[in-house]
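One structure is given here, and the rest of the page talks about it.
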Amino acid sequence: MNYQSNDLKSILEYSKNLIDKSLRDVCGEDLLSNTYKGKGNFGQLLEKYFYGYEPNSKSVADFDKVGMELKTSPLKIINKNKFRSKERLVLNIINYLDIHSEKFEESTFLKKNYHILMIFYLYQIDVEVIDYIVKIVGDWKIPAVDLEIIKRDWESICEKIKNGKAHEISEGDTIYLGACTKGAKGGNLRPQPFSQIRAKQRAFSFKQGYLNHIIASLSNYKSDYGKLISSPLELSNKSFEQIVVEKFNPYLNKSIEDIVQGLSEKSFNSNSKNFFSNVTKHILGIELNQEIEEFDKAGIIVKTIRLKSNGLPKEDVSFPNFSFSEIINQDWEESDFKDVVESKFLFVFYRYTQDNSLILDKVKFWNMSFEEINESQRVWEFTKEIVTQGNIVNRIYEGKRFTNFPSKKFSKVSHVRPHALNSKDTYPLPIKDKVTGLSEYTKHCFWLNNSFIRDNIYSKD
DNA sequence: GCATGATCATGC
DNA sequence: GCATGATCATGC
């Protein structure tokens, strides 16, 4: 191979040859000789045929002489020449049995993933792996501010293991560094040191939003992001969540009119749909035309809730519509709804007073507990079952259709309801509905029950 | 007053 | 043209 494995510059220069090329372009001869059997993922093939070493899962870095790991990851294209990550980046497997005795600074995770040679290729459906085109090759290290957040993420994952709760770990527990399930669908249970309960195998991962920012930093996109935290020192005695919540403190119990007082009416027109999102940005000190960098990196979902004076949220909270034909072919582990319920949320609660003014009441970060995630899975499985059986409509009464989708009575956490322009705004049904014979149905989505938001998010702690 | 089905309005 | 956040309408 045409590089020196003990020389960073040499490795990088050699790697740049991949840009805008496929594996077939750069190592066609070796590939097409009889050693390549048309099998293997992109990363493995790249290691073997381009870098000339056998894929390994050692706990030392791939280019161990220079302390750099090799990671490959797929991109999707959003608008011409702008790339987004197709998925999270899966890092090393979490060794439940050993990790509790590690310190972050000397951890396997940090040794292996602090310095990464990132190779991003454009994923295309129905294209052979060796024909994927590499788009970005970059020498990347964890930035100092991110390192503080990642350190706390790593520690909180360890803490759960130390408390005998490895089986309750969720990606929503943490900010940038997740612990994603890895291995055979839902199976692959492993022992943990401080509990008899076996836990799903998990690996450290950079969340999808975090990867988007790595991509942006390596490809010099002009960014329209505002930062909440500019120096690692700010994180020395406060967590990220504390810092964010404290920014809301001066506005607590103030009316929405007081909060936006003196600000331009154009941006703070209370009829505008992004009004509350603008108010949140204002409170956090972010320009209105900017996105909040840390939230985007962490995939944090901000939900503004208005509580009626009796404390019940005025509305349930909706999520993106699901496709009927997709859900019947998916497992829970790969479903979009699982990603949603394993996200971290920022809830901003306003409350209507007796005289009908709206005041900022409470702000909190939240993610679903283990039991609530299981409950969401039950709702999801039931929904899948109904669509699979063609059993959507229960009866028609006075021209109105009543469905079998899981209602609020089915689960205290979540229910399924229409979410469409009108009843004619539909997605195709993979199996015709038995009662009506319909082959398409009004778009539906999963909702969080307002009573659940009151009892398990607003009222707790 | 709530649950469920239905629909609206804006911005990309 | 559609996703998203938000709201309406009706019957129990």
Compute the centroid of each ring, for Phe83(A) and then for Phe120(A), and state whether the two points are separated by less than 6.0 Å. no
Examine the side chains of Gln377(A) and Glu381(A) and answer whether a donor and an acceptor come within less than 3.5 Å of each other. yes
With the threshold set at under 4.0 Å for non-hydrogen atoms, list the residues of residues 305-319 of chain A touching DNA chain B in residue-number order. Lys308(A), Asn310(A), Leu312(A), Asp316(A)
What's Thr403(A) touching, base or sugar-phosphate or nothing? Going by heavy atoms closer than 4.0 Å. sugar-phosphate
Which parts of residues 343-362 of chain A get close to DNA chain C, meaning a heavy atom less than 4.0 angstrom away? none
Are Asn321(A) and Tyr427(A) linked by a side-chain donor-acceptor pair shorter than 3.5 Å? no
Can you tell whether the side chains of Lys238(A) and Glu234(A) come within less than 4.0 Å, N to carboxylate O? no
Without decimals, in angstroms, what is the distance between Asn321(A) CG and dT7(B) P? 15 Å
What is the distance, rounded to the nearest whole Å, between atom CG of Asn404(A) and atom C1' of dT4(B)? 14 Å
Quick one: Phe275(A) CZ to dG11(B) C1', roughly how many Å, whole number? 18 Å
Do the side chain of Asn404(A) and the main chain of Asn391(A) share a donor and acceptor less than 3.5 angstrom apart? yes
Looking at Phe322(A) versus Phe324(A), is the centre-to-centre ring distance below 6.0 Å? yes
Within this structure, what is the NZ-to-C1' distance between Lys303(A) and dA6(C), rounded to whole angstrom? 10 Å
When rounded to whole Å, the CH2 to C1' distance for the pair Trp447(A) and dG5(C) reads 9 Å
Take atom CZ of Phe402(A) and atom P of dT10(C), then tell me their distance rounded to the nearest Å. 13 Å
Pair Tyr458(A) and Phe347(A), ring centroids less than 6.0 Å apart: no
Heavy-atom nearest nucleotide on DNA chain B taken for Phe405(A) and for Arg454(A); more 5' hit belongs to Arg454(A)
For DNA chain B, which residues of residues 407-427 of chain A approach it to below 4.0 angstrom with any heavy atom? Ser407(A), Lys408(A), Lys409(A), Arg417(A), Pro418(A), His419(A), Ala420(A), Leu421(A), Asn422(A), Ser423(A)
Please determine if a side-chain N or O atom of Lys443(A) lies less than 4.0 Å away from the OP1 or OP2 oxygen of dA3(C). yes
Verify side-chain contact (heavy atoms from CB on, under 4.5 Å) between Ile243(A) and Leu228(A), making sure each step is shown before the conclusion. CA-CA 9 Å; Ile243(A) 292 173; Leu228(A) 295 171; 5.9 Å; no
Just checking, any donor-acceptor pair under 3.5 angstrom between side chains of Asn92(A) and Asn113(A)? yes
Tell me: CG of Asn450(A) to P of dA6(C), nearest whole Å? 14 Å
Does the ring center of Phe319(A) lie less than 6.0 Å from the ring center of Phe446(A)? no
Between Lys412(A) and Asp455(A), does at least one N-O distance fall below 4.0 Å, as a salt bridge requires? no
Grab the CD-C1' distance between Glu291(A) and dT4(C) for me, whole Å please. 14 Å
